[in-house]
Amino acid sequence: MSFQIDCPNCGTRGVWEFHYGGAAGKSRPPLSADAAEWTDYIYNKENLRGVQTEWWTHRSACKLWFLVERNTATNEVLSSRRYSVPPRQEEPAG
Amino acid sequence: MGSENGVADGGHGHAAPCRFTFDGETFEARPGQSIAGALHAGGQYVLSRSFKYHRPRGLFCVSGRCPNCLCTVNGEPNVRICTRAAEPGQDVRSQNAWPSLDVDALNVFDKLHRMMPVGFYYKRMYKPRKLWPLYEKVIRNIAGLGKVDFDHGGEGTYDKLNLFVDVAVVGGGVAGLQSALAAAEEQLDVLLVDDQPALGGHLRHDPDLLPADFSELLRRVVAHPRIQIVMSATAFGLYEGNYLGIQQGKRLIRARAHQVILATGGWERPLVFENNDLPGVLLASGAQRLLHLDGCRFEGRAVVVTNNAQGYRIAAQLERAGTKVAAIVELNELAAGDPGKIPVHAGKTILTARGGRHVRAAVVGNVNGGGKSDTIRCRWIIQALGFTPATSLLYQSGSKLRHDAERDHPAVTQFAKGVHACGAVLGTHDVVAAGAEGKHVGLTAALAVRGEADTALRARRDAAAAELARLVETKSQPGVVGHYVSGSTAKKKFVCLCEDVTEKDIYDAIDEGYANVETLKRYSTISMGPCQGKMCQAAAIGLCAARNGKSIEETGTTTSRPPEQPLPLGVLAGRGLHFSLVRRTAVHHWHEQQGAKFLDAGTWKRPESYGDPASEYEAVRHRVGLIDVSTLGKIELRGRDVGKFLEFIYPNRFEKLKPGRVRYGVICDDAGIVLDDGIIARLEPERFFLTTTTGNADAIDSWFRSWLVVKPEWDVRMTNMSTCYAGMNIAGPRSRDVLSKICDANISAHMLPYGGVAEFDVAGVRAVVLRIGFVGELGFEIHVPTQFGQHVWDALLAAGKEFDIEPFGVEAQRRLRLEKKHFLPGVDTDALSNPIEADVPWIVKLDKPDFIGKWSLTRAANRPARNRLVGFRLDGTTVPDEASLVISDGRLGGRVTSARYSPVTGGVIGLAWVPAEQSANGDRIEIQMNGRRMTAVVQHAPFYDPEEARLNG
């Protein structure tokens, strides 16, 4: 692995300065969620071939956790960005 | 050619004639000559013995690719002496020959080839099984090339160089030179890499092709301040993100380039015929190198076999150098060049080279077989059959290629991002066209760096494109037809010189079912030798296609992987490849002076002991000991929501922890698995200080941050203090007596009880002092700024002198903690251990609101445990190894994770995972070690001071 990642704080650096934190997207279920949802969250990793959004941390420098869009087949990095809290979803009316 | 910077001169290093020895015999080298050139001039034509049959081999490619001239030079094995300059006093030795190059006993294999068919070691040597060790020993002795000289080989320093450039150009031929210059003139930083000792590519040794303005081009490239030139350097790998691995002698250059231009040219394509490996058979470019770079001659008669104009040029050049060219054997029906007075045998090929240790004659016959053959007396057979493009790096880059059947040449259908190519690698052989292509590609790369918005640059690029298009219409392609394997049915037609693989071997392998190029390669080992397919891959694919009745396109190609050329392992293994960190504590040099034995703890060095762990243990239990705990991870957290955050991170409670108090905590993940443990101290209402284990310091820092980033609404600010504080733990019944002598606080049991924390001066230095007791005695953990670590350490030792204080190391600490039954995460727990089964269920507060691991731990608490971590006692003094098996009902039931001799119990104690039904206090478990079974007794209470009287003292 020798691709580069663009850290939102520090700029473009070699991948060995970073640490992979898994695919992003699955959010942690509430305690009230059922066993299927929890086990899916904890144990089922999609191991996607293709473009996925994933967590990385710049562990050798600023230690920021941020999101990277990467093609897992080619290691092409398409984008990187800071995490921002997703807007709260409105409850469906009625 | 000029000689600026020593990169553009034709030839090698030294300025005066010199002498060296080859297998003990003295040879003389002219200035600038390679070792191989000097040997050729001295009439030494046999340079090595082949890998399998030990046949004599001589110069063939003369360009650092084929295996024939691999020699040991001054103890360095496998040096290609055709690209290594002769130097005074060199000791050059041939390889793979015993007792000598002239009389090689193993040449007997050449006669026994019927017993050694393709894959013979798979077929002959697996039965009977018990003989395999013998076979292996014999094979290992015979196989392999070169011997490592453990006394002198590999001497010197292997170093690394990191480069960051806008454009990296691989290949210093005319296409590479033009592209480098074009990019540099756009004010970009350019790296130009070439594997030969001088720039110019094949123009160096084919003077008839030299354009008039070439020396001017060379001068401008060499003089350009933005072009960094690296010569005699092999770009062996092109990795993701345009990261080039380059070997230059004992140096590894790692170059990150915005754009990469591959102007790698091609490898001359050999003809396969009977005895095509005889000394005296050379590639045309090899002969040209000897003629024009090494000033050598070819004595006697020569036959040139060709299918393009290069053959006619080399024939004329040989004649000018005094060689009698007896014939040009032309594979085409029509001559591809002007033969002058030399007779041309059109539509013919070489069927056989005759001779014992050198060519004596060439047998010439019809390309399509049949008819009668002629024998032409000659000493040299020179082959000029065009070039196989050097596509390895193109493939490695991820670019897509397909075989263009019409041109019999690979064509790029899609370049990888930031990768370009020009020149002969794309089939552009014409010098002027290759130069124009280079310029166009150089400007295209520059535009990719600058951005399309640079309209002036874009206009220059478009002009170069138009010029290239104009030239492409008129440029000539060398006439190329097939027939790379002559029609004879002889056995000794070598496709692969490295591994002695013949045409017949390939057919046999295909007939045995290894019909796919990838399996054919692995079974026959073709293209797996020192040349890595440069001499043989095209022929092997051609034969594979023919035998299977498929096209080259359908047959495909094997995967190109780094390294493109074999590398000395030292280049990869040399220092500093991954910048591995070594951390030493503030007191490290003191430990060293005391003769401490160190162990690696994560990136840290920790004293295991100072020589006598038993004595260190006794000091802590009966007097006072001091241990360096600076390696612990230390994190300071501030903010309104730290309590809430810790409640979420840890399964136990922290919101109501009082300032001045300390609590033990175990960190779990959402699967309920133990990640780490440590203590958490509340220094102030909104200020916490916590420690992690040494090995997990970075991981826990990262873990905290990963949660904080998704909880931005929490007011938690975190600072990693791990290396800011030196930590030391003073423990033992006299520890309070020692500390109170040098601190400015009342540290009585009343003022600083067990589980308390306070900040005060120790030896004049502000310290965080924790009343905790990992080793089970009265103790204080003291954290001071790192720069004062040695000062405070010294002060504690001085104050402790009257109490006979002793420093103690990790080994004594492990004995002490085991007597208290404290587990170590990662030692006594693994990726399946939850705190309930790891015997600390009290730490999990399931009545809390959500915390990490709550869902899983709730389930774990509500189902019967499968196994448990328990203490055990064992009679006697035999200490079971860690990971010794716990046997339950004759089956594997668990394992020992820690065990030591315990002085207080007078026996062996330990921790083990056991089945839940055998985990009750007093249960008996069977521990197996070295085939012996020992019975141990489960004990729930700590082995030492179960009432914790000493801890609370």
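Atoms considered below: every heavy atom in the structure, side chains included; atoms not considered: hydrogens, waters and symmetry mates. To find a chain, count down the sequence lines: A is the first, B the second, and so on, and within it residues start at 1.
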Any side-chain heavy atom of Y395(B) within less than 4.5 Å of one from T559(B)? no
Which residues in residues 15-26 of chain A have a heavy atom less than 4.5 Å from any heavy atom of chain B?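 Only W16(A) of residues 15-26 of chain A have a heavy atom under 4.5 Å from chain B.
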Quick one: do R28(A) and D670(B) make a salt bridge, cutoff under 4.0 Å? yes
Run the salt-bridge test on E54(A) and R70(A) with the 4.0 Å N-O cut-off and return the result as yes or no.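 Answer for the salt bridge query: yes.
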Can you say whether [X] sits under 4.5 Å from chain A via the side chain, the backbone, both, or neither, judging by heavy atoms?
{"X": "K711(B)", "result": "neither"}
{"X": "T858(B)", "result": "neither"}
{"X": "D669(B)", "result": "neither"}

With sequence neighbours left out, the residues meeting salt bridge (charged side-chain N to carboxylate O under 4.0 Å, His left out) with D34(A) are none
Acceptor/donor pairs from residues 233-241 of chain B side chains to any protein atom, 3.5 angstrom cut, sequence neighbours excluded:
residue: E240(B); atom: OE1; partner: S2(A); partner atom: N; Å: 3.0
residue: E240(B); atom: OE1; partner: N75(A); partner atom: ND2; Å: 3.3
residue: E240(B); atom: OE2; partner: N75(A); partner atom: ND2; Å: 2.5

By number, which residues in residues 632-640 of chain B have some heavy atom less than 4.5 Å away from chain A?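 So no residue qualifies.
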Test ring-ring contact (aromatic ring centres under 6.0 Å, His included) applied to F645(B) and W707(B), F704(B), F851(B), the passing residue: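 The residue from W707(B), F704(B), F851(B) that satisfies ring-ring contact (aromatic ring centres under 6.0 Å, His included) with F645(B) turns out to be F704(B).
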Can any side-chain N or O of N834(B) pair as donor or acceptor with the backbone N or O of E837(B) at less than 3.5 Å?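 Pair found, side chain donor or acceptor close to backbone of E837(B).
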Closer than 3.5 angstrom, by distance alone: can the side chain of N652(B) be matched with the main-chain N or O of V844(B) as a donor-acceptor pair? no
Please work out which of the three classes, parallel, tilted or perpendicular, describes the rings of W855(B) and W38(A), given edges at 30° and 60°.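 The arrangement is parallel - the two ring planes meet at less than 30°.
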